[in-house]
Every structure is written in C-alpha cells, then in structure tokens.
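Chain A is the first sequence line, chain B the second, and so forth, proteins listed ahead of strands; every chain is numbered from 1.
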Protein chains: 2
Amino acid sequence: MGATKTDLFTKQQNEIAAMAKAIAHPARIAILQYLVKKNACVCGDLVDELGLAQATTSQHLKELKTAGIIQGSIEGASVCYCINPKVWKQYRDLFNAFFKEVDLQGSCC
Amino acid sequence: MGATKTDLFTKQQNEIAAMAKAIAHPARIAILQYLVKKNACVCGDLVDELGLAQATTSQHLKELKTAGIIQGSIEGASVCYCINPKVWKQYRDLFNAFFKEVDLQGSCC
DNA sequence: AATTATTATCGCAATATTACGATATAATTA
DNA sequence: TAATTATATCGTAATATTGCGATAATAATT
C-alpha cells in the first residue's frame with residue numbers, strides 16, 4: 001500500500017488531482033509567483049529568492065516542468081525558466097470549471 | 001529532512017499550497033464531485049462509490065473536513081456530509097486570483 | 001439486552017515526498 | 001588549458017501520505 005489507486009478513478013479525476021499536486025507545495029507556489037512577477041529567471045535567482053538548497057530548488061523546477069506549467073530554455077551556462085502560457089490557461093480553466101458556481105445552499109441532510 | 005520548510009514562505013504561499021494539497025488526490029476530487037452532484041451523502045455511499053475501504057474513505061473525508069471544504073452532521077447512526085459553500089467559494093476565489101489573467105507571452109529570455 | 005449497522009480511530013506496511021550534500025556536466029572566464 | 005560558474009542528477013535520510021484490517025464507539029433494530 002502507500003501508492004494511490006489511480007485505476008479506481010476517472011482520467012479527469014486523476015488529472016485534476018495531478019495538477020493540484022503540482023502546485024501543492026509553498027516553494028512551487030513561490031516559484032510560480034516569482035515567474036509571473038519577473039516574467040523569466042534563472043535557477044540561481046530562485047535559489048537566492050527561496051532560501052532552499054540548489055539541489056532542492058532544481059528538483060521543484062523539474063516537477064513544475066514535468067507538469068508542463070513552466071518551460072526552460074538553455075541560455076549559455078544557465079537555464080532560463082518562464083511560465084508556459086498555454087498550460088497556465090489550462091490550469092486556470094480547469095480549476096475554474098471544477099469550482100464553478102453551483103447552487104450550494106450547504107443544506108446538509 | 002523530509003518536512004516542508006514552511007517558515008521560508010509567506011502565509012499566503014503556505015495557504016495556497018495547503019488548499020491545493022487538500023484536493024491533490026483523485027479520491028478527494030471524486031468525493032467533492034459526488035457531493036456537488038448529490039448535494040449530500042453519507043460515508044457508506046462513498047465507500048460504494050469509490051471502491052476504497054471504509055477506513056480509507058473515512059480518512060479522506062476527515063482531510064477534506066479538516067481543510068474546511070466539507071462539513072458533516074450526525075444523522076442518527078450515520079454522518080451526512082456536504083460541501084461547505086463558504087469555503088468552497090474561498091477556494092474558487094483563491095485559485096481564480098492565483099491563475100488570474102497576466103500578460104504571459106511565454107517570452108523565455 | 002443482544003445483534004446489527006454506521007462511522008471513526010489505531011496500528012502498521014508500503015510508497016511518495018522533501019531536503020540536501022556530493023558529484024557530474026556543460027558553458028564561460030582567466 | 002585550468003579554474004570558475006550554473007544547473008542537473010545521484011544517493012540518502014527524514015518525514016508524509018496512502019491504504020487497509022482490526023477495533024472502538026454509538027445508534028438503530030430485533
């Protein structure tokens with residue numbers, strides 16, 4: 001046990017959960033906020049900004065990149081990261097749809 | 001190591017991450033979708049619906065309840081759960097604000 | 001009162017995540 | 001070319017999450 005039983009759920013449910021998991025860490029939220037503010041930055045900037053070790057920062061960047069929400073391009077010796085606008089919009093639309101207005105009277109039984 | 005270094009991040013960053021974590025599992029997404037559809041249900045309904053063990057289902061319900069996004073009221077021998085509309089709206093507004101429109105040209109360096 | 005039904009919690013095993021030092025790799029600089 | 005800079009990856013330790021059987025607690029039923 002310990003592993004999530006993804007086969008019990010729909011593709012959509014697994015996708016929403018995976019997207020939520022991608023942003024379910026304050027460091028990754030901080031990275032995304034920093035990228036939105038600065039438009040682009042290199043890994044080293046984030047190491048200074050976050051206060052986490054270089055290895056840890058790189059690992060969080062990798063997770064965000066795997067999720068597709070950021071992209072990196074090699075810029076000489078460093079790597080420049082920025083938001084992937086297409087995927088960013090997908091996230092916005094998906095969370096928007098999930099939390100859409102419903103007639104919630106909170107009538108519990 | 002292993003524990004998240006919450007002290008490195010702002011209260012807001014930790015809050016957004018915590019909210020994302022609350023819905024970062026397909027079973028919890030499925031529970032919320034079921035509650036939106038049915039308006040209210042008891043734990044046993046979800047055990048049948050999800051296909052997870054009773055103990056596991058109860059645990060996921062507890063996490064959603066701790067996050068505040070659902071509420072439960074004792075109804076005889078069973079417990080009736082429903083969405084907490086106030087917190088639901090907070091989630092919607094917060095994710096909405098986080099993923100708000102920004103001028104993302106995706107211009108990476 | 002004894003049985004049954006419903007849910008929560010405990011205890012444990014398996015797996016995942018977080019964090020970091022050490023090291024590898026590749027580009028830049030001296 | 002050697003040293004430096006920037007990033008990624010490996011290996012490992014600490015902690016968290018997931019899942020479930022067993023059991024406790026409470027209400028309903030017989």
>> Filter on salt bridge (charged side-chain N to carboxylate O under 4.0 Å, His left out), then keep only pairs touching residues 32-50 of chain B, sequence neighbours left out; what's left?
In response: none
> With distance as the sole test, does B:Asn84 use its side chain to make a donor-acceptor pair with the main-chain N or O of B:Gln71 at under 3.5 Å?
Replying inline: no
>> Rounding to an integer number of Å, can you tell me how far A:Glu49 CD sits from D:dA6 C1'?
In response: 18 Å
> Whole-Å distance between D:dA27 P and B:Glu75 CD?
Replying inline: 13 Å
> Who passes side-chain contact (heavy atoms from CB on, under 4.5 Å) against A:Lys65, sequence neighbours left out?
Replying inline: A:Ile70, A:Tyr81
> Hey, does the side chain of A:Ser58 reach the backbone of A:Gln54 with a donor-acceptor pair shorter than 3.5 angstrom?
Replying inline: no
> Partners of A:Gln59 by side-chain contact (heavy atoms from CB on, under 4.5 Å), sequence neighbours excluded?
Replying inline: A:Glu63
> Taking only residues two or more places apart in sequence, or in another chain, which ones meet B:Thr10 in a side-chain contact (heavy atoms from CB on, under 4.5 Å)?
Replying inline: B:Gln12, B:Gln13
>> Any side-chain N or O of A:Tyr81 below 4.0 angstrom from OP1/OP2 of D:dA6?
In response: no
>> Is the ring pair B:Phe99/A:Tyr91 parallel, tilted or perpendicular, if the boundaries are 30 and 60 degrees?
In response: tilted
> Which is the 5'-most and which the 3'-most nucleotide of DNA chain C that has an atom under 4.0 Å from a heavy atom of chain B?
Replying inline: C:dT6 to C:dC20
>> Can you pull out every ring-ring contact (aromatic ring centres under 6.0 Å, His included) where at least one residue sits in residues 2-51 of chain B? Sequence neighbours excluded, please.
In response: B:His25-B:His60
> Got a sec, which residues hit disulfide bond (SG atoms under 2.5 Å apart) with A:Cys43, two or more places apart in sequence or on another chain?
Replying inline: none
> Taking only residues at least two apart or on different chains, which pairs with a member in residues 79-95 of chain B satisfy salt bridge (charged side-chain N to carboxylate O under 4.0 Å, His left out)?
Replying inline: A:Glu101-B:Arg92
> For A:Leu61 and D:dA8, what is the distance between atoms CG and C1' respectively, to the nearest whole Å?
Replying inline: 11 Å
> Who passes side-chain contact (heavy atoms from CB on, under 4.5 Å) against A:Glu15, sequence neighbours left out?
Replying inline: A:Lys11
> So what is the end-to-end bend of the helix from C:dA1-D:dT30 to C:dA30-D:dT1, with 5 pairs used at each end and the value given to 10 degrees?
Replying inline: 10°
> Touch check for B:Ser58, heavy atoms < 4.0 angstrom, all strands: base, sugar-phosphate only, or nothing?
Replying inline: base
> In the 5'-to-3' direction, what one-character label does each nucleotide of nucleotides 16-25 of chain D receive under the scheme B = base within less than 4.0 Å of a protein heavy atom, S = sugar-phosphate only, - = no such atom?
Replying inline: -SBBBBB---
